[in-house]
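This report concerns only the one structure given below.
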Amino acid sequence: MIAAVAAVNRRTIVIANAGGPVLMPWLADVPAVVLSWYAGQQGGAALARVLAGDVDPGGRLPVTFGVRESDYPARSPRQYSGVDFAKRYSEGAFIGYRHFDVHRIEPLFCFGHGLSYTELRYDHLHVDRPAAQGVRVRVTVRNIGNRTGTRSCSSI
């Protein structure tokens, strides 16, 4: 249906109200996709504000989106949703973005992907490796666009 609508209206915006990744074979045919996730009771009003440009769509994806169904680790009935009351979690720890990384699968959208109505500049990247504390990354983020925007991941 989306491909048919986009074929007659090149300005089609897709609103996906989904709780997880969805396949988007029509993505190249539409100029925009807004994923509203679990929007709740005021979801319609919030979505209208985003579509009207009153607020920045500052959300970021909490999961990785694959291009095709075969990109995901659980794709057999035994893995999902189970056979004879038994499930097999053969993917182990390699779920989500780890699965894409380990199998070198180019995702449609990576974990953390999101766009803004403005332009942000990232400068002064510093990576520190304090002993026994993992990695610390610092970066300066400046809004150089004409609109108010949001940044994400202020601390990780």
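Only heavy atoms go into these numbers, but all of them, side chains included; no hydrogens, no water, no symmetry mates.
Classification of D101 and R98 as a salt-bridged pair fails, no side-chain N sitting under 4.0 Å from a carboxylate O. Ionic pairing of R10 and D29 is not present here: no N-O contact between side-chain nitrogen and carboxylate oxygen is shorter than 4.0 angstrom.
Taking a 6.0 Å sphere around CG of N146, one finds it holds 12 or fewer heavy atoms contributed by other residues, nucleotides or ligands. The environment of CD1 in I2 is crowded: more than 12 heavy-atom neighbours from other residues, nucleotides or ligands sit within 6.0 Å.
Under a 3.5 Å cut-off, the side chain of T64 and the backbone N or O of F111 do form a donor-acceptor pair. Between the N17 side chain and the S36 main chain, no donor and acceptor come within less than 3.5 Å of each other. Remark: the backbone N or O of A6 is not paired with any side-chain donor or acceptor of N9 at under 3.5 angstrom. Under a 3.5 Å cut-off, the side chain of R11 and the backbone N or O of V30 do not form any donor-acceptor pair.
For the pair I15 and L47, the minimum side-chain heavy-atom distance is below 4.5 Å.
The same ILVMFWY cluster, assembled from side-chain heavy atoms under 4.5 Å apart, contains both V55 and Y117.
A donor-acceptor contact under 3.5 angstrom links the side chains of D56 and S116, judged on distance only.
In this pair, Y72 and F100 present their aromatic rings perpendicular. The plane angle is above 60°, beyond the 30 to 60° band.
Within the model, atoms CG of L108 and CE of M24 stand 6.0 Å from one another, a figure rounded to the nearest 0.5 Å.
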